[in-house]
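The figures here come from the full heavy-atom set of this structure, side chains too, leaving out hydrogens, waters and symmetry mates.
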Amino acid sequence: MIIEDERDLNAPIEVAREVPPIEVETVMNDNHRFQQFLARYRQIKDKAAHFELRDALIDHLWERYSNENH
């Protein structure tokens, strides 16, 4: 396949573009936010909670679908 370049070689090159300023949220207490992150991470990685939720889901599905078939 052949693709033609249809741009004008004599056209002026646009060098600068205006960009709106970037808004950055500054955090005064990084340690507090990091501790919150670690707490959420521990909740996600908690094996006991994982197995408890998994077993509760299995029980729920077993009760719901085993009664429908009878």
Side-chain angles (χ1 to χ4, degrees):
M1 175 178 8
I2 299 173
I3 300 174
E4 273 188 46
D5 186 4
E6 297 179 1
R7 70 180 172 174
D8 182 11
L9 295 177
N10 296 323
I13 297 175
E14 197 174 308
V15 176
R17 293 185 182 181
E18 290 193 29
V19 179
I22 299 173
E23 294 182 23
V24 178
E25 178 186 344
T26 58
V27 178
M28 294 301 190
N29 190 353
D30 284 336
N31 187 38
H32 178 67
R33 289 192 56 177
F34 184 66
Q35 293 303 322
Q36 287 178 329
F37 166 78
L38 288 178
R40 286 191 303 269
Y41 181 80
R42 284 188 206 107
Q43 285 178 327
I44 292 170
K45 295 295 184 178
D46 186 4
K47 284 186 180 185
H50 166 77
F51 290 123
E52 186 177 324
L53 289 171
R54 182 199 62 186
D55 294 343
L57 178 61
I58 290 170
D59 290 341
H60 170 74
L61 293 173
W62 184 260
E63 288 176 18
R64 180 174 178 168
Y65 292 108
S66 67
N67 292 332
E68 284 184 6
N69 295 333
H70 294 278

Crowding at CD, E52 (>12 non-hydrogen neighbours, <6.0 Å): no
Once rounded to the nearest 0.5 Å, what's the spacing between atom CG of D59 and atom CZ of R64? 15.0 Å
So do the side chains of R42 and L38 get within less than 4.5 Å of each other, counting heavy atoms only? yes
Separation of Y65 OH from H60 NE2 (nearest 0.5 Å): 7.0 Å
